[in-house]
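We name chains A, B, ... by the order of the sequence lines, and we start the count at 1 in each one. Bear in mind that the values here come from a model prediction, so they are computed numbers and not experimental data.
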There are 2 protein chains.
Amino acid sequence: MTTVDPAPRRRMRADARRNYERLLAEAATIFAEHGVEASLEEIARRAGVANGTLYSHFPTRQALLEALLRDRMQALSDKARDLLDHPSADEALLIWARAAMAHTTVYRGLVTSLMRSIEDESSHLHAACQAVLTAGEQLLNRAQAAGSMRADVTASDLYALINSVSWVGEQTSPAQGERLLAFGIDGMRSATDSR
Amino acid sequence: MTTVDPAPRRRMRADARRNYERLLAEAATIFAEHGVEASLEEIARRAGVANGTLYSHFPTRQALLEALLRDRMQALSDKARDLLDHPSADEALLIWARAAMAHTTVYRGLVTSLMRSIEDESSHLHAACQAVLTAGEQLLNRAQAAGSMRADVTASDLYALINSVSWVGEQTSPAQGERLLAFGIDGMRSATDSR
DNA sequence: TTGCCAAGTTGAGACTGTCTCAATATATTT
DNA sequence: AAATATATTGAGACAGTCTCAACTTGGCAA
């Protein structure tokens with residue numbers, strides 16, 4: 001497993017820290033408004049810094065996204081761990097899948113970045129996405145052991161399903177995304193399972 | 001139903017026709033190479049015309065895409081009609097779904113345009129997408145009448161499923177897309193159906 | 001408290017791209 | 001051979017990405 005610096009290596013200078021925080025705050029607002037493809041120039045402008053400052057803190061859009069999502073993605077992984085104690089393995093998986101879907105759709109266009117990042121090891125988001133995938137895998141394995149999910153379903157299948165239905169939700173309506181999630185999960189259930 | 005001019009209203013001037021064809025040919029090449037977000041300037045350049053000429057023939061990227069895909073989308077609708085005669089309603093649906101998936105992935109990024117266009121009535125691609133959806137609906141209805149698909153599955157569900165798995169195929173691998181298609185269709189099958 | 005310098009910021013500049021429109025050119029008609 | 005409707009041209013206005021040499025400034029050591 002590759003280690004990623006979760007916090008800046010050394011203490012930042014006060015002004016740098018201030019700018020870093022302001023950039024993150026503005027990015028959150030602007031991504032929420034215009035999606036993750038929003039103008040980085042605009043973010044710098046609204047944060048009151050030159051665009052070079054933004055690039056020095058966040059070399060790529062993905063790096064900015066990673067900093068912005070770090071806590072949320074950690075929370076999602078933690079939630080999977082907690083759900084391992086849920087009485088129903090099957091229900092736990094569904095609950096988590098829905099939570100993952102909600103996370104994946106906080107910003108328009110985010111799901112595409114997240115899907116790309118699981119494939120691309122050089123992405124700033126890769127490690128976080130991998131952690132989420134692994135967290136989901138635990139829940140999946142438990143559901144498979146309980147006999148409610150097909151044995152041939154992989155963690156990648158689950159990750160792809162969640163992302164694809166989030167993408168649908170983004171392109172059409174959240175309700176349509178939910179419908180496809182239900183169909184997809186049903187298709188992954190063991191044949192003996194009731195519907 | 002809104003009518004769309006399938007061919008230019010009047011005969012074009014010889015030079016215009018020539019440029020129109022060259023632009024289409026170059027667009028096919030360049031979209032195949034770089035996806036549907038490729039530079040329109042580059043297409044004009046390679047076609048040997050000024051970019052204004054491209055914009056005069058195709059006011060938007062979607063208009064260009066529509067002209068480029070017209071035959072292919074017509075063929076997909078026709079194929080659905082033909083498959084209504086297939087002995088197995090269930091198999092016919094699966095064959096068509098796979099053909100639709102293949103069509104949807106000819107150019108990188110195309111699936112996103114196609115999905116957007118079904119929602120956006122002002123899109124140049126809307127009518128063609130609507131026709132494909134309706135064609136799929138016939139096959140779906142037949143499979144439902146035959147008892148192999150759940151009665152509550154809609155044509156929109158099918159359209160969304162095909163596009164979402166195409167998107168997955170594009171983002172990760174065609175094989176992963178195929179897997180999700182199988183799970184999704186299975187989830188849409190009637191409970192009584194064998195797997 | 002001063003002065004130094006590593007750390008941080010700046011913003012112009014080199015790109016690439018979209019889209020428009022007045023001037024210009026050319027195919028077709030009469 | 002004009003007249004004219006039809007097309008083409010390409011500069012220009014604009015927006016965005018990303019870089020980097022010149023400049024500032026925060027924080028520490030003397």
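Among the heavy atoms of the strands lying under 4.0 Å from T53(A) is at least one base atom, whether or not backbone atoms are also near. Contacts of R61(A) with the nucleic acid, taken as non-hydrogen atoms under 4.0 Å apart, involve only primed sugar atoms and P, OP1 or OP2.
Remark: C1' of dC19(C) and CG of L64(B) are 15 Å apart, rounded to the nearest angstrom. Rounded to an integer number of Å, the gap from F58(B) CZ to dT18(C) P is 15 Å. Separating the CD1 atom of I43(A) from the P atom of dC18(D) is a distance of 12 Å, rounded to the nearest angstrom. Distance L54(B) CG to dT20(C) P: 12 Å, rounded to the nearest Å. As rounded to whole Å, 11 Å separates atom C1' of dC14(D) from atom CD of E41(A). To the nearest angstrom, P of dT8(D) lies 13 Å from CZ of R22(B). We find that NE2 of H34(A) is positioned 14 Å from C1' of dA15(D), with the value rounded to whole Å. Whole-Å rounding puts the E21(A) CD to dG8(C) P distance at 14 Å.
Proximity note for N51(A) (side chain, C-beta onward) versus dG17(C), dG8(C), dG11(C): the nearest is dG11(C). Comparing dG16(D), dG11(C), dC19(C) against the side chain of A50(A) picks out dG11(C) as the nearest. Residue R13(A) places its side chain closer to dG26(D) than to any other of dG26(D), dG17(C), dA7(D). Comparing dG8(C), dG17(C), dC19(C) by their nearest atom to the side chain of M12(A) picks out dG8(C).
For dG8(C), the OP1/OP2 oxygens have no side-chain nitrogen or oxygen of N19(A) closer than 4.0 Å. For the pair S39(A) and dT17(D), the criterion of a side-chain N or O lying under 4.0 Å from OP1 or OP2 is met. In terms of phosphate contacts, H57(B) brings no side-chain nitrogen or oxygen within less than 4.0 Å of OP1 or OP2 of dA7(D). Considering only side-chain N and O atoms, S56(B) lies nowhere under 4.0 angstrom from the phosphate OP1 or OP2 of dA7(D).
Side-chain atoms of Q62(A) and S123(A) form a donor-acceptor pair, as typed in the model, at a separation below 3.5 Å. At a cut-off of 3.5 Å, with distance as the only test, no side-chain donor of S166(A) or N163(A) sits close to an acceptor on the other residue. Counted by atom type alone, S88(B) and D90(B) present zero donor-acceptor pairs between their side chains at under 3.5 Å.
Here the two rings, on F183(A) and F183(B), have centers that are 6.0 Å apart or farther.
The side-chain hydrogen bond (donor to acceptor under 3.5 Å, both in side chains) test with N141(A) singles out one residue from Q138(A), Q144(A), E137(A), and that residue is Q144(A).
Both D15(B) and P59(B) lie near DNA chain C, and the one whose nearest nucleotide falls closer to the 5' end is P59(B).
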